[in-house]
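The structure appears right after this line, and notes come after that.
As a basis for the values below, the full set of heavy atoms in this structure was taken, side chains included, without hydrogen atoms, waters or symmetry mates. Just so we're clear, the structure is a prediction, and the values are computed from it rather than from any experiment. The chain is numbered in sequence order, starting from 1.
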Amino acid sequence: MTVTLADVAARAQVSPATVSRVLNGNYPVAAATRERVLRAVDDLDYVLNGPASALAAATSDLVGILVNDIADPFFGIMAGAVQSEIVGPGGRAGGERLAVVCNTGGSPERELTYLTLLQRQRAAAVVLTGGAVEDAEHAKAISGKLRRLADAGTRVVLCGRPPVPDADAVALAFDNRGGGKALTDHLLDLGHRRIGYIAGPEERTTTRHRLEGHRAALAARGVPDDAGWTVHGPYDRRSGYEATVELLRRAPSLTAVVAANDTVALGACAALREAGLSIPGDVSVAGFDDLPFSVDAVPALTTVRLPLAEAGARAGRIAMGREAAPAGGMAVVQGELMVRRSTGVPSKA
């Protein structure tokens, strides 16, 4: 026999409307009443009819989380933190949302496709993580898509991503420029002047902002920025390895390498060791993000710590309406320079 909303109401000794308010999580209900309803739901094993509820309401119980690559700890940490903030009390049904992680693979087309699918499902919220693609046509399409989602009642939050103009979306943007400048300032303070840079894909906002920070640090000290000492590639270990081999070919006298992220830095370290160079004795290496493995690398990586879990959790709370959006709809999330054993004073004059 199918358990109905009325059965739950009778068991909890409340009205069906009160049960509906508790399960939808969209109206204040006294704590004791809420607990009584949730206990009745558990006792009767009642399952809310999601599609019917979505038709009756403006949005469904779905929350979409868009990531470039769920296997990358950078995105996995943020996605996990977002999900931790969208569950009901004690993991129970009242006000809980279903998180759907959408892996775009860095494809702009797939990103738009997922947003369209989430719009069709009347998603309660959408959180987009990581940098954006710098393409005018795609930016216009994303802006329109996010605006339509917001107009339909979906909360849209950008986590670790720059604001999107005219999109009615909250943005928690990482200070990638400031972090990039802090890393290079640290190396310059140690005495390095011949610094190779392994940048990410040229079309990503994260790549441009971190590289701008690096170049700003060089310019402030009057150190020439040799374009030949910058190599672009994907955000992966293989890219770090191949880029470092190329940098050593172009500039065998370099004394430091700044990598686009910690994963790229691992590849750089492998290439340097293979070339018979010690870290940091011959060449210093710095990463970015402070991913979990960076402190256990040998030597431990100097990097910029981005508060990925904290930013993801905040994005989740804003998406659920449990935390107010920052003033102006945008907040800059600062990184922190973590100086470890992979950087030191250059041995070459």
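The shortest side-chain heavy-atom distance between N261 and F74 does not fall under the 4.5 Å cut-off. Two residues are said to be in side-chain contact when any heavy atoms from C-beta on lie closer than 4.5 Å; T230 and R215 meet this criterion. At least one side-chain heavy atom of H186 sits less than 4.5 Å from a side-chain heavy atom of T302. In this structure, D175 and R177 have side chains that are in contact, with non-hydrogen atoms separated by less than 4.5 Å. In this structure, P307 and Q334 have side chains that are not in contact, with every pair of non-hydrogen atoms separated by 4.5 Å or more. Side-chain contact between W229 and R194: present, with at least one pair of heavy atoms (C-beta onward) separated by less than 4.5 Å. Counting heavy atoms from C-beta on, the side chains of D236 and V264 never come closer than 4.5 Å. The shortest distance between side-chain heavy atoms of V295 and L301 does not fall below 4.5 Å.
The distance from the CD1 atom of I70 to the CE atom of M78 is 9.5 Å, given to the nearest 0.5 Å. Taken to the nearest 0.5 Å, the CG atom of N103 stands 12.0 Å off from the CD atom of E111. The CG atom of L172 lies 13.0 Å from the CZ atom of R161; values are rounded to the nearest 0.5 Å. Rounding to the nearest 0.5 Å places OG of S294 at 4.5 Å from CZ of R340. In this structure, CD in E212 is found 11.0 Å from OG1 in T207, a value given to the nearest 0.5 Å. L118 CG to L149 CG: the interatomic distance, rounded to the nearest 0.5 Å, is 7.5 Å.
For the 3.5 Å distance criterion, the side chains of S284 and T343 fail to qualify, holding no donor opposite an acceptor. No side-chain donor-acceptor contact under 3.5 Å links H138 and E109. For the residue pair S143 / D166, no side-chain donor-acceptor distance below 3.5 Å is found, with atom types taken as modelled.
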One pair to check against side chain to side chain donor-acceptor pair (under 3.5 Å): T18 and S15. What are the steps and the verdict?
CA-CA 5 Å; T18 298; S15 69; 3.1 Å; yes
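In this structure, R250 contributes its side chain and G228 its backbone to a donor-acceptor pair below 3.5 Å.
Cluster annotation: L254 and I198 are assigned to the same hydrophobic cluster (Ile/Leu/Val/Met/Phe/Trp/Tyr, side-chain heavy-atom contacts under 4.5 Å, transitive). Note: the hydrophobic cluster containing V101 also contains I318 (ILVMFWY, side chain heavy atoms under 4.5 Å, direct or indirect links). A continuous path of hydrophobic side-chain contacts links I279 to L247 [ILVMFWY only; heavy atoms under 4.5 Å]. V8 is connected to V29 through a chain of hydrophobic side-chain contacts under 4.5 Å among Ile, Leu, Val, Met, Phe, Trp and Tyr, so both are in one cluster.
Paired with R210 under the rule side-chain hydrogen bond (donor to acceptor under 3.5 Å, both in side chains), one option of T205, T184, N176 passes, and it is N176.
Shown here is R221, whose CZ atom has more than 12 heavy atoms of other residues, nucleotides or ligands within 6.0 Å.
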